[in-house]
**Q** 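Dumping the structure here so I can ask a few things about it.
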Amino acid sequence: MNFSAKLINWYTVNKRDLPWRNTSNPYYIWLSEIILQQTQVIQGTPYYHAFTTNFPSVFDLANAKEDEVLKLWQGLGYYSRARNLHWSAKYIVEELNGEFPNTYKEILKLKGVGDYTASAIASICFNEVTAVVDGNVYRVLSRYFGIETPINSTQGQKQFKQLAQDLIDPNRPAIFNQAIMEFGARHCKPKNPDCNSCTFNQNCQALISNKVDVLPVKLKKTKVSIKYFNFIVVLANNSYTILEQRKGNGIWQNLYQFPLIETKAAVNEQEITKKINDLGVIPNNDFEISLYNTEDIIHKLSHQHLHTKFWIVTTQQSLKNAISTTKLHDFPVPILISNFIEKFDF
DNA sequence: AAACCGGGGAT
DNA sequence: ATCCCAGGTTT
């Protein structure tokens, strides 16, 4: 039996019953693929249910406000996915008459859709013979064929894409693509794969050469930078506060937060008071300040560790652009802010 | 080619 | 503490 046939046999026995496997509606498959980018199934599944429930059709998603889409995406991370999802829904409605594109080439024109996602949708929904290459596929193929080309090099990306394209069953592209990903996720795992019970253990080059634990090869780890975030939690007349929307480049684009003062090092109450005075957030600089968390909250992102202080600033002044604290839950915020809102007794 | 973009699961 | 996750975009 060849690689493809063995793989599909494994899949028919071992596949999970996942929500998006019960549909071939390209809109739902698209939602699932965007949600699952760099996201484990266990984390993405609740969001898939939320989006299909709140936006049952591409028209519903296109008609939503961006804040609504971001709010539903809150906590999932990589928020450009949500913004691009919304942009693409409007594009499909306005430019394509609401009809989902049905070829790899046309699907690729959607924002937030690259080679992997276009291949996945084209194969699963339209039986186009386009091989997917995700993290699972890199791992399975690098091990089975003993390929040591770094998977995050330009050469590696081309090599593995071509190999997957050579291997895909042209008669069953949808099954093949899902099978190789499921096999990577469930059996050929990053750590401690069960090679003894593996259907490929007579032919796996990594197992034969004792290289299972070094494949796939990946270049360089990015180093983490440390930042110091001071959120100014205004509490005016015990019922109003201030939020700002993050603009421009950087993390959490278009999400909301308490006014942020970033510093180059940890600051004390005196220093932050001066900075608040300079900003002129509170009329007449008439406020009292206290630190909510005595120990910095260290919020860890892939490339940054955010050493965070929440400063509680109380005042009796009336503020412009203030919102009722009862409305705080309506805004899309980073999980760091959401956790604070849940804990703090507004 | 390298940097950037989140949050959480698995070990 | 480290690696990884049904990756894509920007610089």
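Just so we're clear, the structure is a prediction, and the values are computed from it rather than from any experiment. Every chain is numbered from 1 and lettered A, B, ... according to where its sequence line falls, protein lines coming before strand lines.
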**Q** Indicate, with yes or no, if the rings of Y28(A) and W20(A) have centres closer together than 6.0 Å.
**A** no

**Q** Output the rounded distance in Å from NE2 (H303(A)) to C1' (dC4(C)).
**A**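 Rounding to the nearest Å, NE2 of H303(A) and C1' of dC4(C) are 13 Å apart.
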
**Q** If each of Q304(A) and L219(A) is mapped to the nucleotide of DNA chain B with the nearest heavy atom, which maps nearer the 5' terminus, i.e. the 5' end?
**A**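 By nearest-heavy-atom nucleotide position, the 5'-most residue is L219(A).
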
**Q** Could you tell me how far apart Y138(A) (OH) and dC3(C) (C1') are, to the nearest whole angstrom?
**A**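 Atom-to-atom, Y138(A) to dC3(C), this comes out as 17 Å.
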
**Q** Over how many whole Å does the gap from N136(A) atom CG to dC4(C) atom P extend?
**A**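 Distance check: N136(A) CG to dC4(C) P gives 12 Å.
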
**Q** Respond yes when some side-chain nitrogen or oxygen of T117(A) is under 4.0 Å from OP1 or OP2 of dG8(C), and no when none is.
**A** yes

**Q** Look up atom CD in Q205(A) and atom OH in Y144(A), then write down how far apart they are to the nearest 0.5 Å.
**A**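 The distance works out to 8.0 Å.
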
**Q** Measuring only the P atom in each nucleotide, how far is dT9(C) from dG8(B)? A whole number of Å is fine.
**A** 24 Å

**Q** Hey, can you tell me if F145(A) and F3(A) have their rings parallel, tilted or perpendicular (30° and 60° cut-offs)?
**A** tilted

**Q** Using a 4.0 Å heavy-atom cut-off, does D115(A) contact any base of the nucleic acid, only the sugar-phosphate backbone, or nothing at all?
**A** sugar-phosphate

**Q** Write down the distance between NE2 (H305(A)) and P (dC5(B)), rounded to a whole number of angstrom.
**A** 14 Å

**Q** Could you check whether Y27(A) and F100(A) have their ring centres less than 6.0 Å apart?
**A** no

**Q** Please report the distance separating the P of dC5(B) from the corresponding atom of dA6(C), rounded so that it comes out in whole Å.
**A** 23 Å

**Q** Reading nucleotides 6-11 of chain B 5' to 3', which nucleotides get B (base under 4.0 Å from a protein heavy atom), which S (sugar-phosphate only), which -?
**A** BBBS-S

**Q** Please report the distance, rounded to the nearest Å, between CG in N84(A) and C1' in dG7(C).
**A**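 Going from N84(A) (CG) to dG7(C) (C1'), I get 12 Å.
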
**Q** What is the distance, rounded to the nearest whole Å, between atom CG of N152(A) and atom P of dT9(C)?
**A**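 Rounded to whole Å, this separation is 18 Å.
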
**Q** For dG6(B) versus dT11(C), give the span between their P atoms, rounded off to a whole number of Å.
**A** 14 Å

**Q** Assess whether a salt bridge exists between K109(A) and E106(A), defined as any Lys/Arg side-chain N lying under 4.0 Å from an Asp/Glu carboxylate O.
**A**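 Salt bridge: yes.
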
**Q** Reading DNA chain C from 5' onward, which residue's closest nucleotide shows up sooner: G112(A) or R16(A)?
**A**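 Going by which nucleotide is closer to the 5' end, it is R16(A).
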
**Q** Would you classify V132(A) as touching base, sugar-phosphate or nothing, given that sugar-phosphate means primed atoms plus P, OP1 and OP2, and contacts are heavy atoms under 4.0 Å?
**A**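 It contacts nothing in the nucleic acid.
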
**Q** Does R139(A) reach a base, just sugar-phosphate, or nothing at all? Heavy atoms under 4.0 Å.
**A** sugar-phosphate

**Q** Can N136(A) and D134(A) be said to form a side chain to side chain donor-acceptor pair (under 3.5 Å), step by step?
**A** CA-CA 5 Å; N136(A) 295 305; D134(A) 72 336; 3.0 Å; yes

**Q** Assign each of V113(A) and P190(A) to its nearest nucleotide of DNA chain C by heavy atoms, then name whichever residue's nucleotide is nearer the 5' end.
**A**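 First, find each residue's nearest nucleotide; the 5'-ward one identifies P190(A).
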
**Q** How would you list, by chain and number, every residue that makes a ring pair (Phe, Tyr, Trp, His ring centres under 6.0 Å) with Y256(A), sequence neighbours excluded?
**A**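 Ring pair (Phe, Tyr, Trp, His ring centres under 6.0 Å) check on Y256(A) returns F331(A).
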
**Q** Expressed as a whole number of angstroms, how long is the span from D213(A):CG to dC4(C):C1'?
**A** 16 Å

**Q** If I take atom CD in residue Q157(A) and atom P in nucleotide dA2(B), what distance separates them, rounded to the nearest angstrom?
**A**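 About 12 Å, once rounded to whole Å.
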
**Q** Please state whether the rings of F340(A) and Y292(A) are parallel, tilted or perpendicular, taking 30° and 60° as the class boundaries.
**A** perpendicular

**Q** Once you apply a heavy-atom cut-off of 4.0 Å, does W73(A) come out as touching a base, just sugar-phosphate, or nothing?
**A**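 No contact at all - W73(A) keeps every heavy atom at 4.0 Å or more from the nucleic acid.
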
